Amino acid sequence: MVGQKKQKDPVLRPQKNFSRHAYTSSLRQYRKLYRRSIKKPEEFWGEQAKLVSWSKPFSKVFSTPKKPFCKWFSGGKLNASFNCLDRHIPSRGEKTAIIWQGEKEDEVASISYRELLDRVCRLSSALHRYGVKKGDRVCIYLPMIPEIAISMLACARIGAAHTVVFAGFSSHALAKRIQDSGAKVLITADGFFRRGKLINLKAMADEALSQCPAINNVAVVRRAKNKIALKGGRDRWWHKEMAGNFPGYSKPVAMASEAPLFLLYTSGTTGTPKGVEHTTGGYLVYSTLTAKMIFDLKETDIFFCTADIGWITGHSYIVYGLLCNGATAVMYEGAPDAPDPGRLWRIVEKFKVSIFYTAPTVIRSLAKEGEQWPRRHELSSLRLLGTVGEPINPESWRWYFNNIGRGKCPIVDTWWQTETGGILISPLPGAVPLKPGSATVPFFGIEPEVLREDGTRAKIGEEGYLAIKKPWPGIARTIWKNPKRYIETYFSKFKGKYLTGDGAKMDEDGYYWITGRIDDVIKVSGHRIGTAEVESALVSYHGVAEAAVVPVPHPIKGEAIYAFVMLKKGTIGNDNLKVELAEHVKKEIGAIAKPEAIQFAEGLPKTRSGKIMRRVLKAIASGSADVGDVSTMADAGVVQALLEGRNK
Ligand code: WTA
């Protein structure tokens, strides 16, 4: 708009009771320390690493013996479970580590650090009995119950890497992850409740195990008390294992800083999910430091993160980052709207939650139900709010700020990924002024860059690829069994720089605005789903010849899945088949990957070299008649047919 002065984004500085760490008390202080962290990273991280206890001090902070692979805190030894438990016992033994709220209102548990240590030790010795050794993998397929954290910490204690599989994933998805990780033990549950409905988890686990002969021991938590079958010689009840003869203490194994702590499978641009590998020292330092600084953790805080532990957010900010800081975490088993849209606010009131961390999709879905729900609850214990998982639109940001934070709590919009281990871009509350919709500034030691296709830097306000110039302690070290894919996915487009897969722009204040994924990954309700995974699930259905999956904007979910499906000759595309296909995707991946809409197509827009033109499909799926430049398309007539099909 010529002649009109560009309006600056509004900047907010809410203040509520911050502990004013020397380094985060003002923007000036933040900038000063940030500069130091970039100029002298070894000095900075060497100091910060003291936040965790090392059984053997490290000799080198950072090295890249074989680029782009990096090592942090080499020579050092530590144990993540010791750091999250044992070391707190003298000063915080009776402090609550986990407050658990079941889906039913009266199901509540409060577990102190001392009790948590006891249970972790008991499970560690059970894992020993199963023959799990340092360097092995254990798969965890559990709902949001304390046993999931206990299982992770027990693995860490004995030096086995855990791989948690979100309980919403199907048996097929579970089997793939068990096979790829080479896990030899599975920890699961009989069942659990979701919106009052019983989910028979053990039946799904059994189906997966029929394809996983390497699993020779299964521990089963009795959660739902539904009838299940225990396979003799393989399956055992968790509670019996925990009660057995027990030496009293299981010694934490000293692990090399670079020893794997866990694998977490996440979606990428191919049909096969990748096992993102995080190691012990760097991950623990990074998740602990970011939790402490970004959430400004104080001894008295009650921290409620609504993410499932099956995702990275739960790993870093319910389990490791929080417990390593000796904080109290609230864990909720159920859905945010069960039995009504006031549920989360009731939990905040009940446990006097001071820090609340959730996803924009949750905010949008609860905002839709109206202000009356939060208004019914006493939310004055809150002092800080956070968001994660997808960009937050300014309107939802304001709703959250006004109705939940009552205009007093800053919102930390935290940008990060499974691969980054912890938050990379976020405000520091009390120090960095906020702009609704922006994740604001980089954390210490993080150098983001917005790049053009040719690798040069984008101008201020220009959108480009978000990349990170240098490694940080929390970066994933590799993709399990596939280092080549690690290099190709993250470090080849802009040589040596970490490619995030997100688009972003930077404004005149140096604030980052994340615009969303620019690769073939869709964020449905904050869950990460690869288009290729859904496509290969669809194509595995007998009547399907070809499928192309694209995101469409969705008012609550952020993005939803729209699938174009070409059928084999003789298969009839009707509504029944749509339902069947959606069920098939659910069976192959899980309910989160079910397409919102399926459109049958006679042909798909392709380039002359046979590549599907997703940009064109995205426009069609979103209901836009403007599909852009189609000069490279093999058969331009396809578009017209697809547009007509869409309107039908
Ligand atoms: C998106 C979740 C905008 C982004 C921790 C990223 C965000 C992907 C934000 C990673 C945010 C996460 N603003 N987008 N604050 N946080 N994202 O691996 O697209 O499940 O690449 O990790 O979520 O998803 P993941």
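What you see is a predicted model; the values in this text were computed from it and never measured. All ligand and atom numbering here is 1-based and tracks the order in the structure.
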Parallel, tilted or perpendicular: which fits the ring planes of [X] and [Y], with parallel below 30° and perpendicular above 60°?
X: Tyr283; Y: His278; result: tilted
X: Tyr357; Y: Tyr317; result: perpendicular
X: Tyr286; Y: Trp472; result: tilted

Crowded around Lys523 NZ? As in, over 12 foreign heavy atoms under 6.0 Å? yes
Are any of the side-chain nitrogens in Glu533 or Lys176 under 4.0 Å away from the carboxylate oxygens of its partner? no
Close N/O pairs between ligand 1 and protein, under 3.5 Å:
residue	atom	partner	partner atom	Å
ligand 1	13 (N)	Glu390	O	3.4
ligand 1	14 (N)	Pro391	N	3.4
ligand 1	15 (N)	Asp413	OD1	2.7
ligand 1	15 (N)	Thr414	O	2.7
ligand 1	16 (N)	Gly389	N	3.0
ligand 1	16 (N)	Thr414	O	3.4
ligand 1	17 (N)	Gly389	O	3.4
ligand 1	18 (O)	Thr418	N	2.8
ligand 1	18 (O)	Thr418	OG1	2.5
ligand 1	18 (O)	Arg528	NH1	2.7
ligand 1	19 (O)	Asp502	OD1	2.7
ligand 1	19 (O)	Asp502	OD2	3.2
ligand 1	20 (O)	Lys523	NZ	3.3
ligand 1	21 (O)	Gln417	NE2	2.9
ligand 1	21 (O)	Asp502	OD1	3.2
ligand 1	21 (O)	Asp502	OD2	2.7
ligand 1	21 (O)	Arg517	NH1	2.8
ligand 1	22 (O)	Thr418	N	3.4
ligand 1	23 (O)	Gly389	O	3.2
ligand 1	23 (O)	Lys523	NZ	3.0
ligand 1	24 (O)	Lys523	NZ	2.7

Give a yes or no answer on whether the side chain of Asp454 reaches the backbone of Thr456 with a donor-acceptor pair at less than 3.5 Å. yes
